[in-house]
Undergrad: 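First the structure, then my questions, so here it is.
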Amino acid sequence: MEINLTLCREFSLKPWQVENTVKLIDDGNTIPFIARYRKEATGSLDDQLLRSLYDRLSYLRNMEEQKEKIISSIDEQGLLTDEIKAAVENAATLTELDDIYRPFRPKRKTRASVAKAKGLQGLADAIYAQEKNGLSPLDMAKDYINDEVPTADDAVQGAMDIIAELVSDDPAGRKMLRYSVKNNANLVVSGAKEDLGVYAMYKEYSEPVKSVPSHRVLAVNRGEKEGFLKVSVDYDKISGISLLSNLHLKNDSPCTETVLEAIQDAYTRLIFPAIEREIRNALTDTASEGAIQVFAKNTRQLLMQPPVKNKVTIGLDPGYRTGCKVAVVDGTGKVLDTSVIYPAPPHKKIEEAKEIIKSLVKKYDVELFSIGNGTASHETEEFAAEVIHELGGGISYMVVSEAGASVYSASKLAAEEFPEYDVSLRSAVSIARRLQDPLAELVKIDPKAIGVGQYQHDMPQSQLTSALDGVVEDCVNSVGVDLNTASAQLLNRVAGISSAVANNIVAYRQENGAFKSREELLKVSKLGPKAFEQCAGFLRVAESDNVLDNTAVHPESYKAADKLLKLCGVTEEDVRKGNVSAVGAYVKTVGTSALAEQLGIGEPTLIDISNEIAKPGRDPRDELPAPMLRTDVMGIEDLKVGMELKGTVRNVIDFGAFVDVGVHQDGLVHISQITDKFIRHPSDVLKVGDIVTVWVLSVDTDKNRIGLTMKKPKD
């Protein structure tokens, strides 16, 4: 119950929203299902917020488990007090818990443990007590001399080791010092080699820890890992020791100087190195979390790019020595033909290549070229533009990211899908299909390989995978999946469908032919009632006699939907033909509240049903701006400062966005050049796939760099 209250406070939600959501999660419901079909229970929380809430719920539950283990461990040692128990129970973070448990955690052999084994705990306690009129440490130490402690100096040194560990283990001191370091220290970077390459700007670099941006943290981390940079946290040692001294020193005692020396040792040897590691780790964790969020957002936007439907397309996978691989696919993605051409160096068989492409265009009525953006892409783009011109137009092209295409084409999945083609031709097919339906094609690839982020290879891979898998799942389910054409990989991303069940669905389809209804899903092996509940609403069956099977209306709401149609005087045939204006008019006249009550459903469900009836089989991506197609080509040498261009946003990162303006090399719009208004992050304004107007700020042909601005230059 305490966890629910924390979630209410952190997410600004009402208790009933959190309580219902947590129960739905605990009952085994998937996030897409909860977001789409349990809106009344959650107050219409969207999938992204639900995932954040789920992650936080998992963190808090893990922390509760840790608290129980810590209390049990301290209790078993016979050291648990009401004060310690309360401190553990009130801890708000795992770091705070770690601080509290530190003194009680079983330790490996340390200087303090060795001193304790020699019987010096009593001396340490006496010195730390700092009695005002007590003996000096050396005088007290005389009583502790033995075979293992030959001199008073040895005894005092052992006692100081024990005191240093006591100071180091003090939760209050660590908390105060950690806070001070976070707010007052600098991240200092220096070169570790003569030639720093891309890290030259960090040869002598310093920035406050509290304000260092995430992308810089990741950059210096990589430079350090590669051996180019040295990185440290610089903090005023005197301030740190003073802070600890205020907690542990008592004035006017013969032992005060000895305790101070122990504090200095604790700070230098034990506390600051640990806190420096913590600060570096915290900076990295924060930066990684931010980078993962950016990567996830970019991936979501890339997957949700509008498809170019029902267009016969030639996929061109460019190459130099091995040639450009060609695949012709029909409007549904079926492969019609393949070939290999050599329009680029070293072969330069341009006329022969043109004849092959022109022949394929005429034979199959090709309408689009989809060109991969890898090696020899620019030459292939120029070649395609010439072919389009010589054919008299009527064809457009688009350069698409081929990230992950080579991984896919060499995979077991691609071999099963296209056993008759070699690896390179499979890649050309994938490039063509990426233009026709980005989501259906990219879902076959590990989302980490899509590459729309920054420093993705430096991220905690399990965390990145989890975030991206969630994005893919949300995208697939928000669009919906054709049950009779979807691949097993696409089906596997549908809520409630495991990899095994996805394969069983495909096997059932191959054995029995196309599904005739959603209900037929229940005949698939291992697809039980719970899985059906989770997945049914996201699967479309255009061939079904029940028109609702081709909508996002869930089978549990069919009765309510049928009743609504009858009240409106609309038949299923009217729905198929799109003659449904009466539904919207009726809902508006009666009112959603009264009508929802009459139908026995919630208002959000009523609104969703009426929207789906209006557009059966609708694809939410169709409502987005269409991708930008081209018919001509430019080179970076054609760009001039001040030139106005249209471009497509390819990647959004912390410090700006990369925009494809049709010259093969993406240009950078720095965050300061996006808008005159203050923005925290480029993603506040831009998203992957946006078509934007830009002006050229700078061109460096030697380094292949283009600077762009979205601020219209003043005349």
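Everything quoted here is computed from the prediction, not taken from an experiment.
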Undergrad: Are a donor atom and an acceptor atom from the side chains of Thr95 and Glu278 found within less than 3.5 Å of each other?
TA: no

Undergrad: If you measure only the distance, is there a donor-acceptor pair under 3.5 Å linking the side chains of Gln157 and Asp161?
TA: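 A donor-acceptor contact under 3.5 Å links the two side chains.
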
Undergrad: Passes salt bridge (Lys or Arg N to Asp or Glu O under 4.0 Å), Arg178 versus Asp99? Steps please.
TA: CA-CA 11 Å; Arg178 185 184 296 115; Asp99 281 351; 2.9 Å; yes

Undergrad: Heavy-atom count around Asn146 CG within 6.0 Å, excluding the residue itself: above 12?
TA: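 Yes, enclosed.
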
Undergrad: Of the non-hydrogen atoms in Ala164 and Ala266, which two are nearest, and what is the gap between them?
TA: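 In terms of heavy atoms, the two residues are closest at O-CB, 3.3 Å.
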
Undergrad: When you compare the side chains of Arg105 and Ser73, does any donor N or O come within less than 3.5 Å of an acceptor on the partner?
TA: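 Looking only at side-chain atoms, Ser73 and Arg105 do not form any donor-acceptor pair under 3.5 Å.
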
Undergrad: If every non-hydrogen atom of Pro682 is compared with every non-hydrogen atom of Asp654, which pair is closest and at what distance?
TA: CD-O, 3.3 Å

Undergrad: If you compare all heavy atoms of Pro254 against all heavy atoms of Ser136, which two are closest, and at what distance to 0.1 Å?
TA: CB-CA, 3.9 Å

Undergrad: Run the side-chain contact (heavy atoms from CB on, under 4.5 Å) test on Val181 and Asn184 for me, step by step, so that the C-alpha distance in whole Å, both residues' side-chain angles and the decisive distance to 0.1 Å come before the verdict.
TA: CA-CA 5 Å; Val181 174; Asn184 300 296; over 6 Å; no

Undergrad: Between Val494 and Cys535, what is the shortest heavy-atom contact and its length?
TA: CG1-CB, 3.8 Å

Undergrad: Are Gln534 and Thr30 linked by a side-chain donor-acceptor pair shorter than 3.5 Å?
TA: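 Side-chain D/A pair, Gln534 to Thr30: present.
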
Undergrad: Please test Tyr235 against Ser180 for side chain to side chain donor-acceptor pair (under 3.5 Å), starting from the C-alpha separation and ending with a verdict.
TA: CA-CA 9 Å; Tyr235 177 73; Ser180 183; 2.6 Å; yes

Undergrad: Quick check: does any side chain N or O of Glu276 sit under 3.5 Å from a backbone N or O of Val233, one acting as donor and the other as acceptor?
TA: yes

Undergrad: Can you list the steps and then say if Arg680 with Asp684 is a salt bridge (Lys or Arg N to Asp or Glu O under 4.0 Å)?
TA: CA-CA 7 Å; Arg680 295 184 181 279; Asp684 294 345; over 6 Å; no

Undergrad: Once salt bridge (charged side-chain N to carboxylate O under 4.0 Å, His left out) is applied, what residue pairs with a partner in residues 284-293 remain, sequence neighbours excluded?
TA: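 Every candidate salt bridge (charged side-chain N to carboxylate O under 4.0 Å, His left out) pair involving residues 284-293 fails, so no pair, neighbours aside, qualifies.
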
Undergrad: I need the single residue from Asn20, Thr21, Val18 that forms a side-chain contact (heavy atoms from CB on, under 4.5 Å) with Leu45. Which is it?
TA: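 One option only clears the test, and that one is Thr21.
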
Undergrad: For residues 192-204, please give each side-chain donor-acceptor pair under 3.5 Å, one per line with the distance, not counting sequence neighbours.
TA:
| unit_1 | atom_1 | unit_2 | atom_2 | d |
| --- | --- | --- | --- | --- |
| Asp195 | OD1 | Gly197 | N | 3.1 |
| Tyr199 | OH | Glu226 | OE1 | 2.9 |

Undergrad: Quick one: do the Asn281 and Thr284 side chains pair a donor with an acceptor below 3.5 Å?
TA: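 Short answer, no.
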
Undergrad: Using modelled atom types only, decide if a donor and an acceptor are shared between the side chain of Asp139 and the backbone of Leu135 within a distance under 3.5 Å.
TA: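 Checking the backbone N and O of Leu135 against the side chain of Asp139, no donor-acceptor pair under 3.5 Å is found.
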
Undergrad: Looking at Glu68 and Arg61, is there a salt bridge between them, counting it only when a charged N and a carboxylate O are closer than 4.0 Å?
TA: no

Undergrad: Crowded around Lys85 NZ? As in, over 12 foreign heavy atoms under 6.0 Å?
TA: no

Undergrad: Any donor-acceptor pair under 3.5 Å linking the side-chain atoms of Asn298 with those of Asn651?
TA: yes

Undergrad: Check the pair Asp666, Arg650 against salt bridge (Lys or Arg N to Asp or Glu O under 4.0 Å), reporting the backbone distance first and the verdict last.
TA: CA-CA 8 Å; Asp666 291 346; Arg650 292 299 182 201; 5.3 Å; no

Undergrad: Taking all non-hydrogen atoms of both residues, which atom of Ser478 and which atom of Met304 are closest, and how far apart?
TA: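 Smallest interatomic distance, heavy atoms only, reads OG-CE, 3.7 Å.
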
Undergrad: Going by atom types alone, do Lys237 and Thr268 pair a side-chain donor with an acceptor below 3.5 Å?
TA: yes

Undergrad: Check whether any side-chain heavy atom of Cys475 lies under 4.5 Å from a side-chain heavy atom of Arg300, and answer yes or no.
TA: yes

Undergrad: Keeping Ser58 on the side-chain end and Tyr54 on the backbone end, is there a donor-acceptor pair under 3.5 Å?
TA: yes

Undergrad: Do the side chains of Tyr144 and Val149 get nearer than 4.5 Å, heavy atoms only?
TA: no

Undergrad: Does Leu94 reach the side chain of Asn62, with side-chain heavy atoms less than 4.5 Å apart?
TA: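 They are in side-chain contact.
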
Undergrad: Yes or no on side chain to side chain donor-acceptor pair (under 3.5 Å) for Ser168 and Arg174, after CA distance, side-chain angles and deciding distance?
TA: CA-CA 7 Å; Ser168 173; Arg174 278 187 174 257; 3.2 Å; yes

Undergrad: Assess whether atom OH of Tyr59 is packed by more than 12 heavy atoms of other residues, nucleotides or ligands within 6.0 Å.
TA: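 Correct, the count exceeds 12.
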
Undergrad: State whether the number of non-hydrogen atoms from other residues, nucleotides or ligands found under 6.0 Å of Lys530 atom NZ is greater than 12.
TA: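 Atom NZ in Lys530 is crowded, with more than 12 foreign heavy atoms closer than 6.0 Å.
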
Undergrad: For Lys687 and Lys297, run side-chain contact (heavy atoms from CB on, under 4.5 Å): C-alpha distance rounded to whole Å, both residues' side-chain angles, the deciding distance at 0.1 Å, then the answer.
TA: CA-CA 8 Å; Lys687 63 180 184 295; Lys297 184 178 286 188; over 6 Å; no

Undergrad: Check whether Gln130 reaches the backbone of Tyr128 with its side chain - one donor and one acceptor, N or O, closer than 3.5 Å.
TA: yes

Undergrad: Side chains of Ile127 and Met140, heavy atoms from C-beta outward: is any pair under 4.5 Å?
TA: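 In contact.
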
Undergrad: Using atom types as modelled and distance alone, determine if a side-chain donor or acceptor of Asn29 lies under 3.5 Å from a backbone N or O of Leu24.
TA: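 Side chain of Asn29 to backbone of Leu24: a pair is present.
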
Undergrad: Assess whether side-chain contact (heavy atoms from CB on, under 4.5 Å) is satisfied between Ser211 and Glu207, documenting all intermediate values.
TA: CA-CA 7 Å; Ser211 60; Glu207 188 166 8; 4.3 Å; yes

Undergrad: Check whether any side-chain heavy atom of Phe295 sits under 4.5 Å from a side-chain heavy atom of Thr299, and report yes or no.
TA: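 Sidechains of Thr299 and Phe295: in contact.
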
Undergrad: Verify, without hydrogens or angle tests, whether Gln17 (side chain) and Thr42 (backbone) share a donor-acceptor contact under 3.5 angstrom.
TA: yes

Undergrad: Determine whether Lys69 and Glu64 satisfy the following criterion, salt bridge (Lys or Arg N to Asp or Glu O under 4.0 Å), listing intermediate values before the conclusion.
TA: CA-CA 9 Å; Lys69 289 178 181 177; Glu64 287 303 310; over 6 Å; no

Undergrad: With a 4.5 Å cut-off on side-chain heavy atoms, are Leu13 and Leu53 touching?
TA: yes

Undergrad: Can you check whether Lys175 reaches Glu96 side chain to side chain, under 4.5 Å on heavy atoms?
TA: yes

Undergrad: Salt bridge check, Glu89 against Lys67: does any charged N sit closer than 4.0 Å to a carboxylate O?
TA: no

Undergrad: Carefully, step by step, assess Gln66 and Tyr101 under the rule side-chain contact (heavy atoms from CB on, under 4.5 Å).
TA: CA-CA 10 Å; Gln66 293 302 316; Tyr101 186 45; over 6 Å; no

Undergrad: Please tell me if the side chains of Arg216 and Tyr205 come closer than 4.5 Å, counting only heavy atoms from C-beta onward.
TA: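 Yes, at least one pair of side-chain atoms sits under 4.5 Å.
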
Undergrad: Name the atoms and distances for all side-chain donor-acceptor pairs under 3.5 Å in residues 465-474, with sequence neighbours left out.
TA:
| unit_1 | atom_1 | unit_2 | atom_2 | d |
| --- | --- | --- | --- | --- |
| Thr465 | OG1 | Lys448 | NZ | 3.0 |
| Thr465 | OG1 | Gln461 | O | 2.8 |
| Asp469 | OD1 | Arg493 | NH1 | 3.2 |
| Glu473 | OE1 | Arg51 | NH2 | 2.6 |
| Asp474 | OD1 | Arg51 | NE | 3.2 |
| Asp474 | OD1 | Arg51 | NH2 | 2.8 |
| Asp474 | OD2 | Arg51 | NE | 2.9 |

Undergrad: Are Asn221 and Arg280 close enough that a side-chain donor and a side-chain acceptor fall under 3.5 Å?
TA: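 The criterion, which ignores hydrogens and geometry beyond distance, is satisfied for Arg280 and Asn221.
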
Undergrad: Can you name the nearest heavy-atom pair linking Ile145 to Ala152, along with the distance?
TA: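 Taking Ile145 first and Ala152 second, the nearest heavy atoms are CD1-N, 3.7 Å.
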
Undergrad: So, does Thr256 use its side chain to make a donor-acceptor pair with the main chain of Ser253 at under 3.5 Å?
TA: yes

Undergrad: Please check: side-chain N/O of Gln673 versus main-chain N/O of Gly656, any donor-acceptor pairing under 3.5 Å?
TA: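 Pair absent, no side-chain N/O of Gln673 close to backbone of Gly656.
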
